[in-house]
Structure formats: C-alpha cells, structure tokens
Trainee: 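Below is a structure I'd like to ask you about.
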Amino acid sequence: MLGFSLLIQRLDETTKTQEKLAALVEYFRTSSTTEAAHAVYFLLGNKLKPTLPARVLRRAAAVSGEIPDWLFEETYQWVGDLAETAAVVARGSENKQVSSLVEVLNEWLKPIARQAEEEQVHRLIELWSCCEPFDRFVINKLLTGNLRIGVSAKLVTKSLGLWLGVPAEHMQHRLMGEWSPSSEWFEELIAPEGTSDRSKVPYPFCLAHALPDAHEGLGGVERFSVEWKWDGIRAQLIRRDKQTWIWSRGEELLGGRFPEIERAAEQLPDGTVLDGEILAWIKDKPLPFTELQRRIQRKKLTVKILQEVPVVFLGFDLLESNGLDMRTTPYSLRIDKLLTLPVTQPIHLVERQRFHDWEEVRKMKDSARERGAEGVMLKTLDGRYEAGRVTGVWWKWKMDPYTVDAVLVYAQRGHGRRAGLFSDYTFALWDEGRLVPIAKAYSGLTDAEIERVDRWIRENTSSKFGPVSEVRPELVMEIAFENIQHSTRHKSGVAVRFPRIVRIREDKRAQDADTLRDFKSRFL
C-alpha cells in the first residue's frame, strides 16, 4: 500500500486527536521531502489541477468491473461516495504495484487529467490494476479533488510543529500564502527560520465563534469592544517593501481585483498589515453581497462596473505596525494604534463602540439590517489576535434570520455518513396555484428527523430524474435564511442566502405554506 494511503487509513480509523497527531508526525519523519511536501499540500485541502470529471470515473469503473452502467449507478446511489464505489467495483491484478505518492502523481494522475476522455478511461483502468482497493480509493479522491478526511488544517500544522519543535502558530504562518509542493519548498518550510522571503505573506486569520443563545457567561459588557458584523470578503491588506498585497481568508491573492484599495494603501506606513472586510459600498452603506460578486466574477474590470460597484476596505484590526508583529498585543491597544493611521478613501477604519449594558448591545444587533449588517462582533479588549477559531476571543452575534414555510418538492441522497439517505432537499412556494422552487437546504434536521423524512420520501416519490426524486407536495418545513435578493437566474425571481431547515411543520398542510407573492412583499 502507498505510504500516503496508509496515513489516510490510520487517520480515518481513529477519532482520537493524539493518535492522529502521532500518525502525522511519523509520516513526516519517515517520508522523503518531496513525498511530505505533496502530502501537506493535499492534507491542507488543495486539489490536483485539473481534476477528473466524475463521468470518467463512472465509465472506467463500469468497464473495469465488467458491469452495465445502470448497475454502477444504482450501486453508487446506495454507497453515496463515487470514489469508494469506483474503488470497490474496479478490478485489480498481479501487476507491479505503484510505490509512492510522487510516482502516482507524476507518472499517472497529472498525465491522465490532461488526456482525451477515451484515453483517460483506458489509463485509469490500467492504474487501478496496479493498486490495492484502498489505494484506488485515495487515488480517486485525489483525481476528483474530493479528499476530505477527519483531520483539520490546524491538526496538520500542529503535527509539523511537534515534529520540528516549532510553535504551531509559527508553523501556521509559514504555511500561509501561495506555494507549490516540492522538495525545495518543504526544506525551506522545515528550516529553523523558515523561508526567507515573507514580505507578501499574510498572517493566519483569527476567526469568531457564534454567540450561544444568550450573552450570559461572558461577564460584563465592559470587557468587550462592539462592532458591526458585515457580509463581505474577509481580507488582509499588506503594505511592505513599498508594495501592496491583498489576501482573502481563503488565502487567495486578490491582486488587480480592487485597484482603488491598492492605490489607497500606498499612503499606509511601510510595514503595515490590516485585517478587515472588503465591501461593495455606496453612500455610507454596503450593497448586497451579490453586487460584490459581480466584481469578483469579472476577469477584466470595466469603467462601468467600477462605477456601479464601488468598494471599500473596512479595517478592524492592526496585525503589523512598522514591521512589528502586533498579534500578542491586547486588542484595545491594537485598535488605539489602528485609529491613528493615515488612511484615504476607500480605506475605512472600524467604528469602535463601548457599552455599559447588554440590552444596548442587543438593540444594536437588532438594528443590523437597517445598516446593511449581519449583526455585531464582540471582541475582548485584552485578547490577543489568535490563529484560527479560539473560544473566548471573538464572538459573532447575528440578527435573527428570516423564515418562511415552504413545501418539499425534490430530494437527493446525501454523501459521506448520510450516504443512502435522502437528506438534500428542494423547497418551493405557491405562485398562482403552482409550486415554484426557491431554495435548496440540507442542514438543520437531527439524524432521527432525517431518517424519518427519508422514509416519507421513499413512500411518496412520484417520479425520478436521475438521482433526483420528485415527491408529492405534502410535507411543509420552516426554512431560515440570512438575506434575499432579486435574481434573474432563478425561476422564482429571488435568491436566498444561507438557507437551512428550522423545523418540520407537522401542524401545516401543503396548501397552508407561504406564497411567493407574500414572500417577496415581506422581505424584498
């Protein structure tokens, strides 16, 4: 078995953090630098480029297993995982076994991903014949860009730190930014001082926890700075060596996407790093996120789009000042220093607010929609800027969502632990006597409720369209969502943001569900 496959198997077989750490440390300690570099790349969620279309795996597995296409599809629907289904159905042989992850990547996966479809099918069958079943499973996951295992990026970073004797936060910073897996890169990564050129590299982002049902247990409100929570692109604005870089939270370099922000950043002192949010903004108020997406999706920015969707960078934290790392400095002092920076449009700085009563904070949160915000952020004044989601540092207190009662009309089976269960749902509202889909949702129900709905769907399916089952329009559920916008792409004319299921409405019949007209009049 491939060493990388064995690692994935060990990680998959345990839920104990210490056992996962031990497996990762042992793998990095015993692997070549090239092998370890690629393992880190994939374990952190990066994908093979280009990935392989799912239809190629379907065809190749059916041919290799000598079964008809329909039987493979039925098997896949019950297993719920394409990579696993193909790995089990495909046949192996006594041929030479592949020996390393790097060999598989360079001699098989990368060439296969760039070949014509017929050749892809042929070569994939040939590759599978050289592999054990679990190797085939891992290879299929890599080919489809869907290698999700029970290990977080934070755990991978921690294991590297344990192996090298380097604090996890320092290792996490070394892994930020753009890089390609290679022996040279990995040797720089594990060197005592890390790589030498860090001028454009961002810091690991500090993330917030959702506030529990109430603020009780947080202590006095005077411990916190209260700010608006905006719905934009989380980003770090870096000004170093007389150059500017903008990085998204997803570690994407946004060079050229927001030229007005880059120009304004030239006025910042050298050695400055700001954490903040990029927002589409007109007349002291944000535009909907869908407007910002218009900017993001454009490969070339025209004068028209720059005028229609102007943006701002709202800075709410100072991570570096005059080249000095400020992350261990208390938040109150970071903000004091932040607010002294010389900034020009379209760079804005946070509106810092202090309260003496939690009820005042609640009122601010409840007025968020009037400001175009999602709610409020609570940040401890004495808190450090932590890497990742650390409890007790930042809290997000979001406004109550919109809700609507909708009818279940379509369902699909889920994946992973929900494989074989109908757990992905499409909901609709009444419009002049017919049901029009308005949202898809798959989260919010308990496991027991999913199993109950699954049984109902099987008993009430009226027709099928491939993997999609149409059901009799009888089951009503309450759907929550954060926002709503007009949309020309959807038949309903609306698009909702972050839909999820609140509850099954046992007390309502389908004809009692909301109408599209009322829905639009209430929320648009």
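Throughout, residue positions are numbered sequentially from 1 according to the sequence presented.
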Trainee: Can you confirm whether E178 is buried at CD, in the sense that more than 12 heavy atoms of other residues, nucleotides or ligands lie under 6.0 Å from that atom?
Mentor: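 Check passes, neighbour count above 12.
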Trainee: Set out, in order, the CA-CA distance, both residues' side-chain angles and the distance that settles side chain to side chain contact (heavy atoms under 4.5 Å, CB included) for L189 and M171, then state yes or no.
Mentor: CA-CA 8 Å; L189 176 73; M171 184 56 64; 3.9 Å; yes
Trainee: Report, as yes or no, whether the 6.0 Å neighbourhood of atom NZ on K440 holds more than 12 heavy atoms from other residues, nucleotides or ligands.
Mentor: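 Counting other residues, nucleotides and ligands, NZ of K440 stays at 12 neighbours or fewer.
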Trainee: Please report, to 0.1 Å, the donor-acceptor pairs under 3.5 Å made by any side chain of residues 329-342, with sequence neighbours excluded.
Mentor:
residue : atom : partner : partner atom : Å
T329    : OG1  : M326    : O            : 3.3
Y331    : OH   : E227    : OE2          : 2.1
Y331    : OH   : F316    : O            : 3.4
S332    : OG   : L381    : O            : 3.4
R334    : NE   : D317    : OD1          : 2.8
R334    : NH1  : T329    : O            : 2.6
R334    : NH1  : G383    : O            : 3.1
R334    : NH2  : D317    : OD2          : 2.9
D336    : OD1  : R352    : NH1          : 2.8
T340    : OG1  : K337    : O            : 2.6

Trainee: For residues G177 and V201, report the shortest heavy-atom separation together with the two atoms involved.
Mentor: N-CG1, 4.4 Å
Trainee: State yes or no: are the ring centers of W230 and F289 separated by less than 6.0 Å?
Mentor: no
Trainee: Is it the case that over 12 heavy atoms from other parts of the model lie below 6.0 angstrom from the NZ atom of K365?
Mentor: yes
Trainee: Are any side-chain N or O atoms of T272 and backbone N or O atoms of P269, one a donor and one an acceptor, separated by less than 3.5 Å?
Mentor: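 Present.
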Trainee: Does a donor on one side chain and an acceptor on the other come within less than 3.5 Å for Q345 and H348?
Mentor: yes
Trainee: Apply the test salt bridge (charged side-chain N to carboxylate O under 4.0 Å, His left out) to residues K242 and E266: give CA-CA distance (whole Å), side-chain angles for both, the deciding distance (0.1 Å), then the verdict.
Mentor: CA-CA 7 Å; K242 298 182 179 179; E266 294 175 3; over 6 Å; no
Trainee: Under the side-chain contact (heavy atoms from CB on, under 4.5 Å) rule, collect the residues that match up with L306, sequence neighbours excluded.
Mentor: E260, R295, L301
Trainee: May I ask you to decide if E277's main-chain N or O and R234's side chain share a donor-acceptor pair within less than 3.5 Å?
Mentor: no
Trainee: Who passes ring-ring contact (aromatic ring centres under 6.0 Å, His included) against F523, sequence neighbours left out?
Mentor: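 Partners of F523 under the ring-ring contact (aromatic ring centres under 6.0 Å, His included) test: Y402, F481, F519.
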Trainee: I want to check a possible cation-pi pair here: R123 against W108, using under 6.0 Å from ring centre and within 45° of the ring axis as the test.
Mentor: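 Yes; both conditions hold, so R123 lies above the ring face of W108.
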Trainee: Starting at CG of L142, measure out to CG of L101 and round the result to the nearest 0.5 Å.
Mentor: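 So the gap between those two atoms works out to 7.0 Å.
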